[in-house]
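Note that the coordinates shown come from a computational prediction; the quantities given were computed from them, not determined experimentally.
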Amino acid sequence: MELTDERGALERVLLHFSHLEKETKRLDKNRYQVTLHYDKSDETEILIRILSFGAMVQVVSPESFREKIRERLAMQSRY
């Protein structure tokens, strides 16, 4: 995912996912790429937790996970 570090988002993401193996790369002054490594069985929980960060986080890959994000957002917008 790509993250815009506003209102302490980077620190919150790293703390929120501290139990996971991850890689963090700075892209520019306040943007980062964070790669999470997780067990496939935890995917729904990870998806929900990522969505809790709102517009500060954008999932860029894998495409299958991006599609699940789109589906979840479409489902939420219907209610």
Side-chain angles (χ1 to χ4, degrees):
M1 66 183 132
E2 289 186 4
L3 158 71
T4 302
D5 189 19
E6 294 177 2
R7 299 188 320 253
L10 177 63
E11 183 177 346
R12 290 186 297 123
V13 162
L14 295 178
L15 182 62
H16 210 74
F17 297 107
S18 63
H19 65 290
L20 297 176
E21 181 182 340
K22 67 190 112 355
E23 299 163 24
T24 305
K25 177 181 172 184
R26 187 175 194 165
L27 301 175
D28 62 30
K29 183 179 178 183
N30 70 337
R31 285 186 40 235
Y32 294 83
Q33 178 181 321
V34 180
T35 304
L36 302 175
H37 302 276
Y38 59 89
D39 189 90
K40 184 79 169 163
S41 65
D42 295 331
E43 191 167 70
T44 301
E45 178 185 348
I46 299 296
L47 182 143
I48 292 166
R49 292 169 74 182
I50 287 173
L51 285 173
S52 74
F53 288 94
M56 286 178 255
V57 171
Q58 179 182 6
V59 174
V60 293
S61 69
E63 187 58 39
S64 60
F65 194 80
R66 287 174 52 89
E67 184 58 35
K68 288 178 183 180
I69 294 277
R70 286 186 204 103
E71 290 169 4
R72 179 64 66 125
L73 290 172
M75 185 174 65
Q76 288 178 355
S77 70
R78 283 187 229 136
Y79 297 104

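No donor-acceptor pair under 3.5 Å is formed between the side chain of D42 and the backbone N or O of E45. Proximity of a side-chain donor or acceptor of R49 to a complementary backbone N or O of H16 within less than 3.5 Å is detected. Looking at K68, its side chain never comes within 3.5 Å of a backbone N or O of L47 through a donor-acceptor pair.
By the rule that hydrophobic residues join a cluster once side-chain heavy atoms approach within less than 4.5 Å of another member, L20 and V57 end up as members of one cluster. With hydrophobic clusters built from ILVMFWY side chains whose heavy atoms lie under 4.5 angstrom apart, L73 shares a cluster with I46. Hydrophobic clustering (side-chain heavy atoms under 4.5 Å, transitive across Ile, Leu, Val, Met, Phe, Trp, Tyr) groups L36 together with L51. Linking Ile, Leu, Val, Met, Phe, Trp and Tyr whenever their side-chain heavy atoms come within less than 4.5 Å leaves L15 and Y32 in two separate clusters.
For E63, the CD atom sits in a packed shell: over 12 heavy atoms of surrounding residues, nucleotides or ligands are nearer than 6.0 Å.
Atom-to-atom distance recorded for D5:CG and L14:CG is 9.0 Å, nearest 0.5 angstrom. Note that CD of E6 and CZ of R31 are 11.5 Å apart. Values are rounded to the nearest 0.5 Å. Of the inter-residue distances, the one linking M1 atom CE with R66 atom CZ reads 13.5 Å to the nearest 0.5 angstrom. The structure places CD1 of I48 at 11.0 Å from CD of E43, a figure rounded to the nearest 0.5 Å.
Within the 4.5 Å cutoff, side-chain heavy atoms of I50 are placed close to those of F65. Two residues are said to be in side-chain contact when any heavy atoms from C-beta on lie closer than 4.5 Å; T24 and V13 fail this criterion.
A74 and S77 make their closest contact through O-OG, 2.9 Å (heavy atoms, listed as atom of the first residue, atom of the second, distance).
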Output, in order, the C-alpha distance, side-chain angles, deciding distance and verdict of side chain to side chain contact (heavy atoms under 4.5 Å, CB included) for E23 and Q33.
CA-CA 8 Å; E23 299 163 24; Q33 178 181 321; over 6 Å; no
Under the side chain to side chain contact (heavy atoms under 4.5 Å, CB included) criterion, do R12 and L3 qualify, and how do the steps go?
CA-CA 11 Å; R12 290 186 297 123; L3 158 71; over 6 Å; no
